[in-house]
> 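I have a structure I would like to understand better, so I am pasting it below and will then ask my questions one at a time.
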Number of protein chains: 2
Amino acid sequence: MTASAGQIGRTDAARNHERLLAAALAVYAAKGVDASLKEVADHAGLGVGTVYRHFPTREALQEAVLADHLETLRSRAAELAQTHPAADALVTWLGEFIAHFTQYRGLARAFLPTLSDRRTPLGHACTDMRAAGSMLLEGAKQAGAVRAGLDAGTMLRLASGIAMAAEYAPDGAAPLLPWVLDGVLSRPAAGTA
Amino acid sequence: MTASAGQIGRTDAARNHERLLAAALAVYAAKGVDASLKEVADHAGLGVGTVYRHFPTREALQEAVLADHLETLRSRAAELAQTHPAADALVTWLGEFIAHFTQYRGLARAFLPTLSDRRTPLGHACTDMRAAGSMLLEGAKQAGAVRAGLDAGTMLRLASGIAMAAEYAPDGAAPLLPWVLDGVLSRPAAGTA
DNA sequence: ACCTGAACACCGTTCAAGT
DNA sequence: ACCTGAACACCGTTCAAGT
């Protein structure tokens with residue numbers, strides 16, 4: 001191949017891309033998504049310029065992290081739909097949704113605008129995740145476990161609201177979620193079963 | 001009086017203090033609570049230095065605005081307790097609580113930490129507001145309208161979560177609140193009556 | 001071709017001079 | 001005594017030089 005030097009370069013670049021994503025996860029977990037790109041660069045052992053090469057803006061890096069989470073949640077919804085009774089699958093998934101977002105301070109807030117975004121790649125990842133969540137919701141409705149009138153967007157906004165409030169609550173989301181579930185479910189929440 | 005010059009100074013300063021609070025409200029309403037202090041200064045027709053003289057930090061100005069809202073909500077709770085049936089008073093107040101915070105982008109987020117703050121003057125204003133809300137909550141419980149186990153802190157975190165999510169929702173808090181109310185109230189929400 | 005980090009630009013904060 | 005805004009400090013971003 002005449003392009004071997006180029007391929008090595010691309011391999012290095014791909015590795016740095018992964019390193020930066022991993023560093024972003026670590027830094028975001030410790031300091032929230034508003035941490036400086038300098039901190040992410042230091043944690044990855046790379047120069048600031050390299051961060052900007054791979055992610056032109058602060059938002060681009062947040063969005064890359066967010067896209068990973070959305071894909072995880074999408075596939076998790078599909079899995080739960082196969083393996084769990086409808087109501088159980090929905091309740092479990094909502095708990096995991098909130099757990100994902102409370103891990104990184106500020107991420108739930110960064111997520112919310114993507115619910116109205118149908119243009120960017122991130123918006124598409126969100127649409128796919130929402131469709132998977134909507135499938136769980138419809139299954140639970142057909143099982144008679146969820147009241148009519150709830151749409152997926154409203155459900156995800158409620159869950160995100162809990163995630164954001166939980167960031168500043170001494171006991172996290174645990175005391176908050178049951179009250180919303182009681183509002184959403186047709187019968188009193190039956191624990192995790 | 002030998003201090004007349006000083007009194008005139010104090011009068012000017014007091015007027016500027018009010019001007020800055022009014023300017024902060026206007027700027028926050030337009031741009032959210034993360035707006036620059038320069039913008040607030042310009043809107044008030046004063047120099048930036050004057051903002052810093054009256055409010056040493058960005059947080060101090062946010063807190064002053066927040067304290068005003070907390071006092072309004074406190075007195076409103078006391079009023080509703082006198083004039084409305086228990087369940088109605090609580091539901092109305094929660095709606096007004098959310099309306100207050102959705103007026104200023106970022107204010108609900110700034111409010112949440114004060115729920116765990118028992119030291120600063122702002123923390124005391126929050127404690128008073130929470131006590132007034134708790135009174136409404138207990139009244140509704142005694143009327144059998146609210147399920148046992150809900151405390152005022154959890155209730156206010158749920159309401160704040162809705163307010164934050166509503167900032168990014170096309171239809172605001174309206175589609176979100178009923179689901180939480182249904183979880184909180186013993187019987188299905190009876191509209192506003 | 002990619003990476004680096006010093007240089008640049010920007011914005012929040014301070015404080016010497018003015019009223 | 002308070003107010004002003006130019007000067008300062010800081011941090012996010014860019015880009016010329018290096019590998």
Side-chain angles (χ1 to χ4, degrees), chain A residues 1-24 26-28 30-66 104-107 109-110, chain B residues 1-24 26-28 30-66 104-107 109-110:
Chain A
M1 293 287 194
T2 58
S4 62
Q7 290 194 341
I8 287 168
R10 264 184 254 134
T11 303
D12 285 353
R15 201 186 54 192
N16 283 342
H17 195 92
E18 289 308 312
R19 268 202 206 178
L20 286 169
L21 277 177
V27 171
Y28 286 1
K31 313 232 173 165
V33 301
D34 290 329
S36 78
L37 296 188
K38 176 85 167 50
E39 273 186 283
V40 175
D42 289 347
H43 197 276
L46 297 168
V48 248
T50 308
V51 183
Y52 283 95
R53 167 167 284 269
H54 288 269
F55 304 99
T57 64
R58 156 192 310 285
E59 284 72 31
L61 182 55
Q62 286 179 7
E63 287 174 0
V65 168
L66 198 45
Y104 308 96
R105 185 155 26 91
L107 196 66
R109 190 183 176 185
Chain B
M1 294 285 197
T2 58
S4 62
Q7 291 195 340
I8 289 167
R10 263 182 258 137
T11 302
D12 285 354
R15 199 187 54 194
N16 284 343
H17 195 92
E18 289 309 311
R19 268 203 206 176
L20 286 170
L21 278 177
V27 172
Y28 286 0
K31 312 233 175 164
V33 301
D34 291 328
S36 78
L37 296 188
K38 175 84 166 55
E39 273 185 286
V40 174
D42 288 348
H43 196 277
L46 297 167
V48 248
T50 307
V51 182
Y52 283 94
R53 165 168 286 270
H54 288 269
F55 304 99
T57 64
R58 157 193 306 287
E59 284 72 31
L61 182 55
Q62 287 180 6
E63 288 174 359
V65 168
L66 198 43
Y104 308 97
R105 186 155 26 91
L107 196 67
R109 189 182 177 188

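The chains referred to below are lettered A, B, ... by the order of the sequence lines, with proteins before strands, and numbering in each begins at 1.
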> Quickly work out the Arg19(A) CZ to dC2(C) C1' distance and round it to whole Å.
14 Å
> Taking atom CG of Leu46(A) and atom NE2 of His54(A), what is their separation to the nearest 0.5 Å?
7.5 Å
> Taking a pair as Watson-Crick or G-U wobble with both distances under 3.5 Å, which nucleotide is matched to dC11(D)?
none
> Return whichever of Thr50(A) or Lys38(A) has its heavy-atom-nearest nucleotide of DNA chain D closer to the 5' end.
Lys38(A)
> May I have the distance from Asp12(B) (atom CG) to dT19(C) (atom P), rounded to whole angstrom?
16 Å
> Using the side chain to side chain contact (heavy atoms under 4.5 Å, CB included) rule, take Leu61(B) and Tyr28(B) through it: C-alpha gap first, then chi angles, then the decisive distance, then the call.
CA-CA 11 Å; Leu61(B) 182 55; Tyr28(B) 286 0; 3.5 Å; yes
> I want to check one thing: is the phosphate of dC11(D), taken as OP1 and OP2, less than 4.0 Å away from some side-chain N or O of Ser36(A)?
no
> From C-beta outward on Leu46(A), which listed nucleotide comes closest to its side chain: dC2(D), dT4(C), dG12(C)?
dT4(C)
> Just checking His54(A): base, sugar-phosphate only, or nothing, at a heavy-atom cut-off of under 4.0 Å?
sugar-phosphate
> Without decimals, in angstroms, what is the distance between Glu39(A) CD and dT13(D) P?
14 Å
> From Phe55(B) CZ over to Glu63(B) CD, what is the distance, rounded to the nearest 0.5 angstrom?
11.0 Å
> After noting the C-alpha distance and the side-chain angles of Asp34(B) and Gln62(B), does the key distance pass the side chain to side chain contact (heavy atoms under 4.5 Å, CB included) rule?
CA-CA 9 Å; Asp34(B) 291 328; Gln62(B) 287 180 6; 4.0 Å; yes
> Please tell me which of the listed nucleotides, dT4(C), dG5(C), dG5(D), lies nearest to the side chain of Val48(A)?
dG5(C)
> Tell me the interatomic distance from Asn16(B), atom CG, to dA1(D), atom P, rounded to whole angstroms.
17 Å
> Tell me: CZ of Arg53(B) to C1' of dT13(C), nearest whole Å?
15 Å
> To the nearest Å, how far apart are Arg58(B) CZ and dT14(C) C1'?
16 Å
> Would you compute the distance between atom CZ of Arg19(A) and atom CG of Leu21(A) and round it to the nearest 0.5 angstrom?
13.0 Å
> Looking at dA1(D), which nucleotide sits across from it as a Watson-Crick or G-U wobble partner, both distances under 3.5 angstrom, or is there none?
dT19(C)
> Can you tell me the distance, in whole Å, between the CZ atom of Phe55(A) and the P atom of dT13(D)?
14 Å
> Measure the distance from CG on Leu37(A) to C1' on dG5(C) and round it to the nearest whole Å.
15 Å
> Ignoring backbone atoms, test whether Tyr52(A) places a side-chain nitrogen or oxygen under 4.0 Å from the OP1 or OP2 oxygen of dT14(D).
no
